[in-house]
2 protein chains.
Amino acid sequence: MANIKDVARMAGVSITTVSRVLNGYPYVAKDKQEKIMAVIKELNYSVNGNAVKLIKGKTNTIGVIVPYNNNSCYDELINGILKKAHELHYQVLLLPSYYENVIESSYLTLLKKKMIDGILLTSHTLHPEQILALSEWGKIVCCEACPVELVSSVFPDRFAAYIEVFTYLKNKGYKRIHFTSGRDFQSSPSTRLRIQAYQETIAEAYEGQFFDQCFDYQDGKRVGDLMFRDSIVPDAIFTNGDEVAAGIIASAKMHGYNYPQDFEIIGEENTPLSEILGFPSVDYHQTAIGEQAVSLLLSDEYARIQIRHKLNFRARTEASVLS
Amino acid sequence: MANIKDVARMAGVSITTVSRVLNGYPYVAKDKQEKIMAVIKELNYSVNGNAVKLIKGKTNTIGVIVPYNNNSCYDELINGILKKAHELHYQVLLLPSYYENVIESSYLTLLKKKMIDGILLTSHTLHPEQILALSEWGKIVCCEACPVELVSSVFPDRFAAYIEVFTYLKNKGYKRIHFTSGRDFQSSPSTRLRIQAYQETIAEAYEGQFFDQCFDYQDGKRVGDLMFRDSIVPDAIFTNGDEVAAGIIASAKMHGYNYPQDFEIIGEENTPLSEILGFPSVDYHQTAIGEQAVSLLLSDEYARIQIRHKLNFRARTEASVLS
DNA sequence: CTGAAAGCGCTAACAA
DNA sequence: TTGTTAGCGCTTTCAG
């Protein structure tokens, strides 16, 4: 495989001159320039990106740590990240963690190894010290509220959203309000916020109203069964995700309860699902979060930017497939 | 930042010896070994990944070219790719093309630049010569049926699926069968196959039965309006994607036609959407395709592997939210 | 078991 | 406007 030396030799110039035309520097004679270009074409030469990365100490690559990729929330986020990264001529290394701490911290060392210029952190299991220890090797931006003060972040105002939803349901006069979450409150800060918001707006006791381990449609069906099998059923539910909400709606139906006649339900992520079934959903604007997170990561500024959510109500009569 | 030289000096050995313990080679005296490890810890040293890549000529990274990431089909595929790549200790560079040829071919040059070890190609606009020209610089595996004979591929048997769906609808006695696709037949091979399958099973003429530019829920609503606004409406529809199907169902409802009473509809990708609304959907097993594509990419074998689809019927009475 | 030395392919300061 | 040269940080013969 041809290298810069071969090009230089064949063009009858020094490698410096070749490097110059490669990088578009001025002060290269027209004829040499053309000769070099011709040789490059003839040899079908390309620079070795790793040599460039080594000497420049810069990779033009960022890493994105996500628990999973097949989840509408990360999907939107990644979408924004890819868009902005492409705009700024950066490449994106997609790093799935499966919520495993060992894997997550191995990704952080990519920074030390100089293989990426920065890291975007989403939902994770890392301890503050782990993040802090490695933030000295490169910039880290968090796409959730980050407990580490020194790390920049672009994040949704989840707590405000939770308060808004619960307050809305309370004001509507609902009496038996249930809610769901993904990971348990031990591991998930947002689950803790959910519970706290419930306690601040509805009631102190949440046992029997709260169901965790909800991630997808099947989980929704599972907890729907728990909610609707008894004689006392919820009249409003706030779920962590539209898929879970859809599962609950399906399960409720099997127990003889129909949405929207028999209960209210509010989802999250604002996917087509909520539009189709006609239930409200909280939009955290993940695409915007992704874009801004990349911008922040590639700037040398420090910031903690909160992105405002939107509780999205549907024109139920029109769009919904449910009557 | 510390380098291998610093470690060697502080440990009182040569860099060769340091390199040896770094890479777990035998024949290093126990005491030197321990001393080196201690120094590495003390200096908080890590190897420079770019130097390693440069000298080894191998990156342990693969690139995945996708048109978009926020589409359930690529989502599943990427999921399989990430899983298998992680298993084989490879990293994944996610390369969005937005169906732009210039972008796509710029990604192929990453191979020449030695920045990735191989490329996974999904839906694209590349010409055979473009692929061929770069396949000499590294292995390329296609996740769709690939026109270039020399390129390995792992792909769904789309045509067989189309034939199966149309035959099924025909045998059920449906008379006015419509179908949709994404990109127009000029740019999309699968659109051409769809039309061909329709012609072979239903009828030669497809004008008025065929609607392209369908990518998401909104497009589904749009073409649903076209289909159901006239007095002659379809009694069966085969859509390219569950979201499109859902949009059509929603639009049909607004025109006074209900699923499943008034028409049959079959989607693609087998997402929760089809389960929720209870319509059949073709599962191309994209996760499996992704996993196998990675395995093939990282092997040095040549193969063209076809993955069998599955037309997935739903237990409509139970799971569906529609009566 | 260990180390010297020759690169991997490139950039950039410096000198001309 | 051009070339010489000294690295970037590491692996890997090869000779002890």
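What's counted below: heavy atoms across the whole structure, side chains too, no hydrogens, waters or symmetry copies. Naming convention: chains lettered A, B, ... in sequence-line order (proteins, then strands); numbering from 1 in each chain.
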Length of the CG-C1' vector between B:Asn50 and D:dC8, whole Å: 10 Å

A:Met1 CE: over 12 foreign heavy atoms closer than 6.0 Å: yes

Spacing of A:Lys53 atom NZ relative to D:dG7 atom P, expressed in whole Å: 25 Å

More than 12 heavy atoms of other groups within 6.0 Å of A:Tyr68 OH: yes

Atom-to-atom span, CD1 of B:Ile4 to P of C:dG3 - whole angstrom: 12 Å

Sugar-phosphate, base or nothing in reach of B:Lys32, heavy atoms under 4.0 Å: sugar-phosphate

Length of the NZ-P vector between B:Lys112 and C:dC10, whole Å: 12 Å

Among B:Glu104, B:Glu100, B:Gln130, the one residue meeting side chain to side chain donor-acceptor pair (under 3.5 Å) with B:Thr125: B:Glu104

Within residues 11-31 of chain B, residues whose heavy atoms come under 4.0 Å of DNA chain D: B:Ile15, B:Thr16, B:Ser19, B:Asn23, B:Tyr25

Nearest-Å distance for atom pair NZ/C1', residues B:Lys56 and C:dG9: 18 Å

Presence of B:Asn3 side-chain N/O under 4.0 Å of D:dG9 phosphate oxygens OP1/OP2: yes

Nearest-angstrom distance from the residue atom CD1 of B:Ile40 to P of D:dG9: 16 Å

B:Tyr27 six-ring centre to B:Arg20 NZ/CZ under 6.0 Å and within 45° of normal: no

Point-to-point distance, once rounded to the nearest 0.5 Å, from CG of A:Leu297 to CD1 of A:Ile140: 9.5 Å

Interatomic distance where CZ belongs to B:Arg9 and P belongs to C:dG3 [whole Å]: 15 Å

Gap between atoms CG and C1', on B:Asn48 and D:dG9 respectively (whole Å): 6 Å

Reported CG-to-CG distance for the pair A:Leu93 and A:Leu110, which is rounded to 0.5 angstrom: 6.5 Å

